[in-house]
Amino acid sequence: MAYWLMKSEPTVYSITDLQRDGITLWDGVRNYQARNFLTSMALEDLAFFYHSNTQPPGIVGLMKVVDTNQVDPSQFEAANPYYDPKSSPAQPRWYTVRVGYLETFPHPLSLDQLKQTFNPEELWVVRRGNRLSVMPVLPEVGDRLLSLARG
DNA sequence: GCCAACGTTGGC
DNA sequence: GCCAACGTTGGC
């Protein structure tokens, strides 16, 4: 079982939206490094839900991977903001996972708090200028995040 | 293959 | 709203 961290802007899709939906397809990732992390995810992996572009940014909940290696359908939809004209159903370029809601943390971990607790080497999201939207989390860091966030 | 221009992310 | 960081594009 591996830990991951996945970002979403709450105005686009929030932990509350995931709680309501139960399961969702994590679509719209258009960065090769992030996609490569998505395709290396396994069933039952745990992912921290990170709210970006909000006040305060930070980790707000937990989800689990329920379906791996899913073709992201938004890449084929011309009217979709994530449309990729260079992709085709015969040769899809963008893959993702389906995630399930597990919990909303009683003690969300703000970016500020994360910066005080972890260094940039052990937790990528606190790296300066970090723009990656899907990233791995070290097992021991994941364990600590869980115990901090659950209080 | 280099690199300037451009677009996007995301903290502040 | 600003702007630093940085990924991508495209001319050469």
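First the proteins, then the strands, lettered A, B, ... as listed; each starts at 1.
Residue A:Trp124 contributes atom CH2, which lies 15 Å from atom P of B:dG10 at whole-angstrom precision. Rounded to whole angstrom, the span from the CG atom of A:Asn36 across to the P atom of C:dG7 amounts to 13 Å. Look at CD1 on A:Ile59: it is 14 Å from P on B:dG10, rounded to the nearest Å. If you measure from atom NZ of A:Lys86 to atom C1' of C:dT9, you get 7 Å, rounded to the nearest angstrom. Computed from coordinates, the A:Lys7 NZ to B:dT8 P distance equals 17 Å when rounded to whole Å. Here the P atom of nucleotide C:dT8 and the CZ atom of A:Arg35 are 10 Å apart, to the nearest Å. Put simply, CD on A:Gln113 is 15 Å from P on B:dG11, counting in whole angstrom units. Atoms OH (A:Tyr32) and C1' (C:dG7) sit 11 Å apart, rounded to a whole Å.
With distances taken from any side-chain atom of A:Ser133 to the nucleotides B:dG11, B:dG10, C:dT9, the minimum falls on B:dG10. Of the candidate nucleotides B:dC12, C:dG7, B:dG11, C:dG7 has the atom lying nearest to any side-chain atom of A:Arg131. Of the listed nucleotides (B:dG10, B:dC12, C:dG7), B:dC12 has the atom at the smallest distance from the side chain of A:Gln55.
Judged by distance alone, the side chains of A:Asp72 and A:Ser74 do bring a donor and an acceptor atom under 3.5 Å apart. With 3.5 Å as the limit, one finds no donor-acceptor pair spanning the side chains of A:Thr39 and A:Asn36.
Hydrophobic clustering (ILVMFWY, side-chain heavy atoms < 4.5 Å, transitive): A:Leu102 and A:Phe48 are in one cluster.
Using a cut-off of 4.0 Å between Lys/Arg side-chain N and Asp/Glu carboxylate O, A:Asp84 and A:Arg93 are scored as salt-bridged.
Taking only side-chain nitrogens and oxygens, A:Tyr82 never comes nearer than 4.0 Å to OP1 or OP2 of B:dT8.
The residue among A:Asn53 and A:Asn130 whose nearest nucleotide of DNA chain C lies closer to the 5′ end is A:Asn53.
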